[in-house]
Number of protein chains: 2
Amino acid sequence: MIDKAIQAITEPRRRDILHLVREGELTSSAIASHFDISAPAISQHLKVLEEAGLVVVRRAGTKRFYGIRREGFAELMHYIESFWDDSLMRLKKAAEEEERRKHDFN
Amino acid sequence: MIDKAIQAITEPRRRDILHLVREGELTSSAIASHFDISAPAISQHLKVLEEAGLVVVRRAGTKRFYGIRREGFAELMHYIESFWDDSLMRLKKAAEEEERRKHDFN
DNA sequence: CACTTAATTAAGTGTATGCTAAATTAAATT
DNA sequence: AATTTAATTTAGCATACACTTAATTAAGTG
């Protein structure tokens, strides 16, 4: 799932879509009106975002309202964080090691 | 830069490379030995990661040591966080609103 | 039940991207 | 200076992906 989420946010227009729906639910056509690409193109992007777990759909009659899915972003953040945390810890240890060596030589 | 960083972590092999160098600096060939693709392919991936600001190179003789660049991941995290925070705040407000309505009706 | 509205799925096309093998760069060794 | 080692750049190819238009689905509405 994390793979799909990362894949999904690669495309700049999909990130733009996420920025739009972050403000609140929007229909497919409302989203499309903000771009100069066709409605099907938007629909395809929304499908990718949905499959990545970054948006959710709520159907109401012929309309479909798209909104952000928090859990998806949480997963994404944790993934990035894992790199951050590990490398941070390693750097911390390296710094401490360096500090220790300094004391030994002086 | 954030665009390049996101673009960079899209490719699964590049994420694998990041996992490897997260443990500590590695040469291009050391990294290549973990994969079944050619050395040039790895080199190209490393270039993408470097241009995205996610790794740094340290040259030593004919060798080049690749290591993680924390700042790059920090940027990435902040970007993801921005979606998270905004939508979280919105949901918090929505929950409070719901709570208020409950009280009004009971 | 035909028609409109909202959206998606399908088919086809051009560009971007990851791979390979071959050529090239650059530093160290003999 | 020639050779070896480490890595990159180049050129070419195959696939993935974002778009388009046309066709299809599905839920109201006259």
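Proteins come first, then strands; the chains are lettered A, B, ... in the order of their sequence lines, and each starts at number 1.
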A.B. asks: Using every non-hydrogen atom in the two residues, find where Leu46(A) and Val55(A) come nearest and quote the distance to one decimal.
C.D. replies: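 Smallest heavy-atom distance, with atoms named: O-CG2, 4.1 Å.
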A.B. asks: Using every non-hydrogen atom in the two residues, find where Glu25(B) and Gly67(B) come nearest and quote the distance to one decimal.
C.D. replies: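 Heavy-atom minimum between the residues: CG-CA, 4.2 Å.
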A.B. asks: Compare every heavy atom of Leu54(A) with every heavy atom of Ala5(A), then report the nearest pair and how far apart it is.
C.D. replies: O-CD1, 3.9 Å
A.B. asks: Heavy atoms, side chains only, cut-off 4.5 Å: are Ile42(B) and Phe35(B) in contact?
C.D. replies: yes
A.B. asks: For the residue pair Val56(B) and Tyr66(B), establish whether any side-chain heavy-atom pair is separated by less than 4.5 Å.
C.D. replies: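 In short, these two side chains do not touch, never coming nearer than 4.5 Å.
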A.B. asks: To the nearest Å, give me how far apart CZ (Arg58(A)) and P (dA27(D)) are.
C.D. replies: 16 Å
A.B. asks: Answer with base, sugar-phosphate or nothing: what part of the nucleic acid does Phe65(A) contact at a heavy-atom distance below 4.0 Å?
C.D. replies: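 The residue Phe65(A) makes no contact with any strand.
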A.B. asks: Is there a side-chain contact between Ser28(B) and Lys63(B) (heavy atoms, below 4.5 Å)?
C.D. replies: no
A.B. asks: Do Leu18(B) and Leu20(B) share a hydrophobic cluster (ILVMFWY, side-chain heavy atoms under 4.5 Å, transitive)?
C.D. replies: yes
A.B. asks: Arg69(B) side chain to Gly53(B) main-chain N or O, any donor-acceptor pair under 3.5 Å?
C.D. replies: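 Pair found, side chain donor or acceptor close to backbone of Gly53(B).
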A.B. asks: Do Ile68(B) and Phe65(B) share a hydrophobic cluster (ILVMFWY, side-chain heavy atoms under 4.5 Å, transitive)?
C.D. replies: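 No, no single cluster joins them.
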A.B. asks: Please work out which residues in residues 33-47 of chain A have a non-hydrogen atom less than 4.0 Å from an atom of DNA chain D and list them by number.
C.D. replies: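 Under 4.0 Å from DNA chain D: Ile37(A), Ser38(A), Pro40(A), Ala41(A), Gln44(A), His45(A).
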A.B. asks: Side-chain polar contacts of residues 6-16 of chain B - donor-acceptor pairs under 3.5 angstrom, sequence neighbours left out - could you list them?
C.D. replies:
{"from": "Thr10(B)", "atom 1": "OG1", "to": "Thr10(A)", "atom 2": "OG1", "distance (Å)": "2.4"}
{"from": "Thr10(B)", "atom 1": "OG1", "to": "Ile6(B)", "atom 2": "O", "distance (Å)": "2.9"}
{"from": "Thr10(B)", "atom 1": "OG1", "to": "Gln7(B)", "atom 2": "O", "distance (Å)": "3.1"}
{"from": "Glu11(B)", "atom 1": "OE2", "to": "Arg13(B)", "atom 2": "N", "distance (Å)": "3.2"}
{"from": "Glu11(B)", "atom 1": "OE2", "to": "Arg13(B)", "atom 2": "NH1", "distance (Å)": "3.0"}
{"from": "Arg14(B)", "atom 1": "NE", "to": "Ala8(B)", "atom 2": "O", "distance (Å)": "2.7"}
{"from": "Arg14(B)", "atom 1": "NH1", "to": "His45(B)", "atom 2": "ND1", "distance (Å)": "3.2"}
{"from": "Arg15(B)", "atom 1": "NE", "to": "Tyr79(A)", "atom 2": "OH", "distance (Å)": "3.2"}
{"from": "Arg15(B)", "atom 1": "NH1", "to": "Ile9(B)", "atom 2": "O", "distance (Å)": "2.7"}
{"from": "Arg15(B)", "atom 1": "NH1", "to": "Thr10(B)", "atom 2": "O", "distance (Å)": "3.0"}
{"from": "Arg15(B)", "atom 1": "NH2", "to": "Asp3(A)", "atom 2": "OD1", "distance (Å)": "3.4"}
{"from": "Arg15(B)", "atom 1": "NH2", "to": "Asp3(A)", "atom 2": "OD2", "distance (Å)": "2.9"}

A.B. asks: Within the 4.0 Å limit for protein heavy atoms, which parts of nucleotides 24-30 of chain C are touched? Write it as a string from 5' to 3', B for base, S for sugar-phosphate only, - for none.
C.D. replies: ---BS--
A.B. asks: Please confirm whether the shortest side-chain N or O distance from Tyr66(A) to OP1 or OP2 of dA6(C) is below 4.0 Å.
C.D. replies: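 For Tyr66(A), the contact criterion (side-chain N or O under 4.0 Å from OP1 or OP2 of dA6(C)) is not met.
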A.B. asks: Using heavy atoms and a sub-4.0 Å distance, could you list which residues of residues 2-21 of chain A are near DNA chain C? By number, please.
C.D. replies: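 Listed by number, there are none.
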A.B. asks: Do Glu81(A) and His78(A) get their side chains close enough for a donor-acceptor pair, meaning under 3.5 Å?
C.D. replies: yes
A.B. asks: Under the side-chain contact (heavy atoms from CB on, under 4.5 Å) rule, collect the residues that match up with Ser38(B), sequence neighbours excluded.
C.D. replies: Pro40(B), Ala41(B)
A.B. asks: Residues from residues 49-56 of chain A sitting under 4.0 Å of DNA chain D, heavy atoms only?
C.D. replies: none
A.B. asks: So does Ser29(A) get a side-chain nitrogen or oxygen closer than 4.0 Å to the phosphate oxygens (OP1/OP2) of dT5(C)?
C.D. replies: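 It does not, given that no N or O in the side chain of Ser29(A) lies less than 4.0 Å from OP1 or OP2 of dT5(C).
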A.B. asks: Do Met1(A) and Leu49(A) share a hydrophobic cluster (ILVMFWY, side-chain heavy atoms under 4.5 Å, transitive)?
C.D. replies: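 In one cluster: no.
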